[in-house]
Amino acid sequence: MSIVRVALDVPLPRLFDYRAEDPAGDWVGRLVRVPFGSGEKLGLILQVLDQSDQPPEKLRPIHSLLTELPPLPADWIALCEFCARYYQHPLGEVSSFALPPLLRRGKLPKRRLARPQPGRGDQEASPPLTTEQQVALMAIGQTRGFEAFLLHGVTGSGKTEVYLRAIEAVLAQGCQALMLVPEIALTPQLEGRVAARFPDAHIVSAHSGVADAARARGFLEAFEGQADIVLGTRLSVFMPLPRLGLIVVDEEHDASFKQQDGLRYSARDVAIFRAKQRDVPILLGSATPSLETFHHARTGRYRLLTLTLRAVAAAMPDVRIVDTRREKLQDGMSQALIAALELRLARGEQSLIFLNRRGYAPVLACTACGWISHCRRCAANLVVHLADRRLRCHHCGLETGIPQACPDCGNLDIHPFGRGTQRLEVALQERFPEARVLRVDRDSASSPKKWQALLAQIHAGEADILVGTQMLAKGHDFPKLTLVGVVGADAALFAADFRAPERLFAQLMQVGGRSGRALLPGEVLIQSEYPDHPLYQALADHDYSRFASQQLHEREQAGFPPFAHQALLRAEAPSVDQSLAFLAAARVEALKLAGEAVMLYDPVPMRMVRRMSLERAQLLVESASRPALQAFLATWSQLLYELKTPRELRWHLDVDPQEL
DNA sequence: AGCACGCCGACT
DNA sequence: GTCGGCGTGCTC
Ligand SMILES: [Zn+2]
Ligand SMILES: [Zn+2]
């Protein structure tokens, strides 16, 4: 009698053994139906063994083997095992997550006919390369096996062209390429561009918007080697790719590569593991690399390839910091910005005002008693959405109507305070009645369809002034756009999070890059009360390296990443005392095993304590040594599972957390 | 996380 | 008497 060791989608940090009659040699990697408790579950066979460490009477026989699907390859299983180990997550949950939902339930997609993919016509001509692009491609082409490259190049310097050429080269060798892009960048336009460039390649798109059947089909096409290119969001880092030859991570600094719930993985970091594991090169591209990546490039762990020039015939935009200390702003805008807008309107060019705050105003307040609109489920204000006359919580979705009078004192004099995109839109429309003002944020672009419609409208030149959040910052080329105004950026300058400046710089650099891409020179006006701040000065000089060096210096002084490695234990419960009590108990356990290499902080309530009626707290763990942190987390998390906790308390570990 | 079992309150 | 509330314990 043999034993199979199975990974099951349950939140338990262990595998489960079952009896099996006569397992064949190819059982490892297959899906299997097994009895579990009172029901049945689908699991993944990880090992076939002679005996179990469980007492024989506990062992139950498997129900059935899923033979429709070939066994998942060993390297795919190893990838899941790495994620389980690194992110301290149950292996069964990882492998389940790595499968498309349909396969997770043991179903296969209906028709698996080879889609009429290849042969879409003529290949789109590739533009000529700049010397810098040639140098980069030469370096990439010369590697044999694993090597990580950081392709650092400003917007318009032709990073995408380098990706496409590098992909072309691996396809020519009969290999597959995996290209990861941020959620917001995976648009029909990008898919179209890749498809036009590789008319004979079989391209699979993978993101959460793809329907279940199509996603499963894409997975199988990648798995069976029919797919040549997988283009997708962070999910697609888990695609099995037997002929993998290259991984590309575009906008590698983008926050959407880190999953913020469940398995809290960073697709960029998992991609690096994968490239190493499969011994293939990986290309990380960005105009504003994450400081982690930039640090690795500086210290020689990654190879730095730089594109300094705009490949398109256009100069860098002129970036000016507008000092707003001495000036009375009009609707949040300076004279300089208003004049610049007028100029663009007169010339028939487009302008964009970037304000990273949606809604009409961040809060509604009573001038008599001090009441403010707050969410009863969260420690947050309800945001005024005047466009649909609602108050809305941006954290839990709670909605109410806008009260006519103060709910506390009955005062009729209640006002929206502060400014969001809706208010700016209204103000601009009043100031420039003849201009076509278009707001682009998550509210106006609530579905992919509406988003595409807005983009089409912008491209057709049917808008003069765009008001938008970071949605507008990424990946879209607006040829008629020559002015970018930035409003209200200072708030992020002094945020509590040590990564806030890094994010702000990246965001402003990116949104600034929207202006003047084609033949018209661009201008960027950033309004600030701290015009001399080094972050703005570096932006004005287009000097990412100077900013990054200064930030890295500060991080080193403070002992922050990338000079330290962090993990966060978070807890949430109906009361913050419960959360803190759990963390205190966890800390006691940790003290028993933490050596000097691992630093344990005190449990503290989270910056926004209450969210969706749960009160949250966290405990930071830090070490200069990654292996020391990993070893500590492995034992600690085992102890945490054994800790007795109230039913209503939930906890998780976040390795390499993005926000503290 | 599910899902069973189990032991006390109020309803036909 | 029993229907059902959710506390606690287990899942190979
Ligand atoms: Zn009041
Ligand atoms: Zn809320």
Side-chain angles (χ1 to χ4, degrees), chain A residues 1-24 27-66 71-72 77 80-81 83-85 87-107 259-265 569-575 577-579 581-582 585-586 589 611-616 636-654:
Chain A
M1 180 61 68
S2 289
I3 303 298
V4 287
R5 189 157 283 175
V6 177
L8 293 170
D9 188 5
V10 287
L12 301 170
R14 52 177 165 271
L15 301 173
F16 295 86
D17 289 354
Y18 290 89
R19 283 188 285 128
E21 283 299 332
D22 47 349
W27 275 33
V28 170
R30 284 191 181 277
L31 300 181
V32 66
R33 287 185 214 284
V34 292
F36 189 74
S38 57
E40 186 186 68
K41 274 195 176 296
L42 191 70
L44 172 69
I45 299 179
L46 293 177
Q47 291 176 70
V48 177
L49 306 157
D50 294 330
Q51 53 179 37
S52 169
D53 46 21
Q54 292 294 314
E57 67 275 14
K58 289 189 88 172
L59 296 176
R60 300 164 73 181
I62 65 164
H63 280 166
S64 61
L65 194 71
L66 250 88
L72 287 147
I77 293 173
C80 293
E81 284 169 337
C83 288
R85 211 175 332 115
Y87 293 105
Q88 307 299 330
H89 206 77
L91 179 51
E93 286 193 340
V94 175
S95 56
S96 173
F97 176 79
L99 288 170
L102 209 67
L103 296 186
R104 218 177 281 171
R105 285 178 271 130
K107 291 191 193 132
Q259 179 137 63
Q260 296 291 10
D261 55 81
L263 173 62
R264 304 173 112 83
Y265 69 105
L569 176 62
R570 293 204 193 85
E572 53 184 36
S575 106
D577 294 337
Q578 292 171 288
S579 301
F582 167 78
E589 294 301 315
R611 217 199 85 195
M612 293 182 155
S613 303
L614 290 174
E615 299 193 340
R616 304 142 345 133
W636 193 36
S637 71
Q638 289 293 325
L639 293 172
L640 293 177
Y641 279 104
E642 284 151 32
L643 225 52
K644 241 172 70 72
T645 61
R647 250 315 199 254
E648 64 270 30
L649 184 137
R650 193 118 307 164
W651 63 267
H652 68 258
L653 275 167
D654 189 348

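Note that the structure is a prediction, hence the values are computed from the model and not measured. Throughout, a chain's letter reflects where its sequence line sits, starting with A, and its residues are numbered from 1.
- With sequence neighbours left out, A:R30 forms a side-chain hydrogen bond (donor to acceptor under 3.5 Å, both in side chains) with A:D26.
- Residues meeting the side-chain contact (heavy atoms from CB on, under 4.5 Å) test with A:L102, sequence neighbours left out: A:R105, A:K107, A:P109, A:D212, A:A216.
- By the side-chain contact (heavy atoms from CB on, under 4.5 Å) test, A:Q51 is found to be paired with no residue, residues two or more places apart in sequence or in another chain being considered.
- The side-chain hydrogen bond (donor to acceptor under 3.5 Å, both in side chains) test applied to A:D17 returns A:R5, A:S52, not counting sequence neighbours.
- Shown here are the side-chain contact (heavy atoms from CB on, under 4.5 Å) partners of A:P11, two or more places apart in sequence or in another chain: A:E93.
- For A:R611, the side-chain contact (heavy atoms from CB on, under 4.5 Å) partners are A:C378, A:H395, A:M608, A:R616, not counting sequence neighbours.
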Distances under 3.5 Å only, N/O to N/O: pair up the protein atoms with those of nucleotides 10-12 of chain C.
from: C:dT11; atom 1: OP1; to: A:K58; atom 2: NZ; distance (Å): 3.4
from: C:dT11; atom 1: O3'; to: A:G37; atom 2: N; distance (Å): 3.3
from: C:dC12; atom 1: OP1; to: A:Y18; atom 2: OH; distance (Å): 3.2
from: C:dC12; atom 1: OP1; to: A:P35; atom 2: O; distance (Å): 3.3
from: C:dC12; atom 1: OP2; to: A:G37; atom 2: N; distance (Å): 3.4
from: C:dC12; atom 1: OP2; to: A:R60; atom 2: NH1; distance (Å): 2.5
from: C:dC12; atom 1: O3'; to: A:D17; atom 2: O; distance (Å): 2.4
from: C:dC12; atom 1: O3'; to: A:R60; atom 2: N; distance (Å): 3.1
from: C:dC12; atom 1: O2; to: A:D17; atom 2: N; distance (Å): 3.0
from: C:dC12; atom 1: N3; to: A:Q54; atom 2: OE1; distance (Å): 3.4
from: C:dC12; atom 1: N3; to: A:Q54; atom 2: NE2; distance (Å): 3.1

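- Of all nucleotides in DNA chain B, those with any atom nearer than 4.0 Å to a heavy atom of chain A start and finish, going 5' to 3', at B:dA1 to B:dA4.
- For A:Q54, there are no side-chain hydrogen bond (donor to acceptor under 3.5 Å, both in side chains) partners at least two apart in sequence or on another chain.
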